[in-house]
There are 2 protein chains.
Amino acid sequence: MAEATTRERILGAADRLFGSHGFRGTSLRALTREAGVNLAAVHYHFGSKHELLVATLSRHIDAINAARIAQLDALEAAHPNGDIPPLDLLNALVRPAFAFRHASPENAEVVQRLSALLHSEPLEIVHPLMEGLFSRVMQRFAAALERALPDLEPEEVYLRIQITIGAMVSALAGRHPPDLADAPGLDEEERIDHLVHFLAAGFSAKPLNGADS
Amino acid sequence: MAEATTRERILGAADRLFGSHGFRGTSLRALTREAGVNLAAVHYHFGSKHELLVATLSRHIDAINAARIAQLDALEAAHPNGDIPPLDLLNALVRPAFAFRHASPENAEVVQRLSALLHSEPLEIVHPLMEGLFSRVMQRFAAALERALPDLEPEEVYLRIQITIGAMVSALAGRHPPDLADAPGLDEEERIDHLVHFLAAGFSAKPLNGADS
DNA sequence: GTCTATACACGGATAGAC
DNA sequence: GTCTATCCGTGTATAGAC
């Protein structure tokens, strides 16, 4: 386990420490000590602490997105005429993120901190970054959802996808509002079922048209 | 405008600089220079940079929550028997946040950075903080929604509120996913209408019951 | 009670030797 | 590619003036 390229050792330590102590709570000195490499190696291989985090997140997010695309491909193959049930599309979009989190518990927190870091940076920096990570996946799903819901204007489909993403990240991040009562009640699996159920109902709502042509 | 107590000058500068440059991007030295006060004044009045942000956010969030409570009071007064339409409850919950943002454009970004900062801190710190800021409001709305949707288990109501909050913050923060196409299309007002419409449909979905007693 | 000046320890970053 | 030494900005703490 001690044998690995310097770059990989850094990425491994980043997974562990960013996940457990957060981004701000992890100093490069502690990280490089954990990795058994020199302090300056981070800057040589990644350029900055920030870009190291981006690289860390990209690894995981790319894996999640690959699973999404795979499921979408399977759905489109199973429905050659294009009428994929919206519920199936939502499952393909939402569940890979939770599956990943469940598969690799220590890396789960890394993903959780994504939105935090991104939102704490200026929008001019964040936006192109998200673009690079997500745009291809989202455009695939947008196209599929437009076909599945032909009554909706494209703008409305886009907006509903944004709402879906927001609800999903907040569910991924854990409880957003304070614990309403103790209410454990639902385990993770049930929570996902309910989430997708809720989103499917919202997505299937009839169009809300003002004065449109 | 230059006349104000030191504490107020600091809070004003915090609104401007946290809003425009973010939390991490604002040093206490820049902030105190903008405010025209001494560096140590922040520590004296607030204890730390972190607590200064908490104070800044609390000011705004408390105002938003007061508006929510006022609207909920009005709804409950208008429906003494307790059957408030869920759509009305969602409007009372969601719209004050956007109204505030629209009223005070430069402070809008301050609120946007809330979740960012909170999520970048350890959960043990974040959780009690959110508890103090939101729990009273959320419990009021949870109770009202439980009465309005008696078919749902309380746990399911709680979960749907969490989903709602997540969708709302992401909508408040701007586009979460990359700009799907250029798609301006919808202005802010329409986006809010669509958001509430979507959430109302999700909230009114029939219960999703597994094997329950 | 308030505010100022100053000191400290730590962070990320960089230059340059090897 | 790797490492050492160093720089400068940062949040924080404190001693003491008003």
Side-chain angles (χ1 to χ4, degrees), chain A residues 2-58 110 113 116-118 120-122 125-126 129, chain B residues 1-58 110 113-114 116-122 124-126 129:
Chain A
E3 347 234 313
T5 156
T6 298
R7 193 189 152 87
E8 287 165 350
R9 297 173 65 85
I10 293 174
L11 284 171
D15 279 351
R16 288 188 295 273
L17 295 186
F18 287 158
S20 54
H21 299 17
F23 181 72
R24 271 185 57 200
T26 303
S27 73
L28 284 183
R29 285 171 173 83
L31 193 149
T32 49
R33 181 154 23 88
E34 161 90 10
V37 304
N38 185 269
L39 171 61
V42 170
H43 292 92
Y44 176 79
H45 285 282
F46 297 93
S48 71
K49 184 187 184 187
H50 176 90
E51 290 178 81
L52 169 60
L53 180 75
V54 171
T56 299
L57 292 169
S58 297
V110 176
R113 315 240 180 219
L117 177 85
L118 295 184
S120 65
E121 300 290 335
I125 296 179
V126 171
L129 202 149
Chain B
M1 188 192 289
E3 346 235 312
T5 155
T6 297
R7 195 189 152 87
E8 288 165 350
R9 297 173 64 84
I10 293 174
L11 284 172
D15 278 350
R16 288 189 294 274
L17 294 187
F18 286 159
S20 54
H21 301 357
F23 181 73
R24 272 185 56 203
T26 304
S27 74
L28 285 183
R29 284 167 176 83
L31 193 149
T32 50
R33 181 151 27 88
E34 161 92 7
V37 304
N38 186 271
L39 170 62
V42 170
H43 190 258
Y44 175 77
H45 284 282
F46 298 94
S48 71
K49 183 188 183 186
H50 177 90
E51 290 179 77
L52 169 60
L53 180 75
V54 171
T56 299
L57 292 170
S58 296
V110 175
R113 315 245 179 215
L114 164 70
L117 177 83
L118 294 184
H119 282 280
S120 65
E121 300 290 334
E124 303 77 54
I125 296 179
V126 171
L129 202 150

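Below, chain A is the first sequence line, B the second, and so on; all start at residue 1.
Judged by distance alone, the side chain of B/R9 and the main-chain N or O of B/A35 form a donor-acceptor pair under 3.5 Å. In this structure a side-chain-to-backbone donor-acceptor pair under 3.5 Å is present from B/T26 to B/L17.
Rounded to whole Å, atom C1' of D/dT6 lies 14 Å from atom CG of A/N38. The interatomic distance linking A/L39 (CG) with D/dT4 (C1') rounds to 10 Å, in whole Å. The CG atom of B/L52 sits 16 Å away from the P atom of D/dT10 (whole-angstrom rounding). The distance from atom CZ of B/R24 to atom C1' of D/dT10 is 12 Å, rounded to the nearest whole Å.
Close to D/dA13, at under 4.0 Å from its OP1 or OP2, lies a side-chain N or O of B/H43.
By the 30° and 60° cut-offs, the orientation of the rings of A/H50 relative to A/F23 is perpendicular.
When DNA chain C is scanned 5' to 3' for any atom under 4.0 Å from a heavy atom of chain A, the first and last hits are C/dG11 to C/dT14.
Looking at which nucleotide of DNA chain C each of B/R29 and B/T6 is closest to, the 5′-most match is held by B/T6. When each of A/H45 and B/S27 is assigned the nucleotide of DNA chain D bearing its nearest heavy atom, the one mapping closer to the 5' terminus is A/H45.
A/H45 contributes atom NE2, which lies 5.5 Å from atom CD1 of A/I10 (distance to the nearest 0.5 angstrom).
Counting non-hydrogen atoms under 4.0 angstrom, A/T26 reaches the backbone sugars and phosphates but no base. Using a 4.0 Å heavy-atom distance criterion, A/A40 is classed as a base contact.
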For the pair A/N38 and A/T32, evaluate side-chain contact (heavy atoms from CB on, under 4.5 Å) and give the outcome as yes or no after the intermediate values. CA-CA 6 Å; A/N38 185 269; A/T32 49; over 6 Å; no
I would like to know whether B/T56 and B/F46 meet side-chain contact (heavy atoms from CB on, under 4.5 Å); could you show each step before the answer? CA-CA 10 Å; B/T56 299; B/F46 298 94; over 6 Å; no
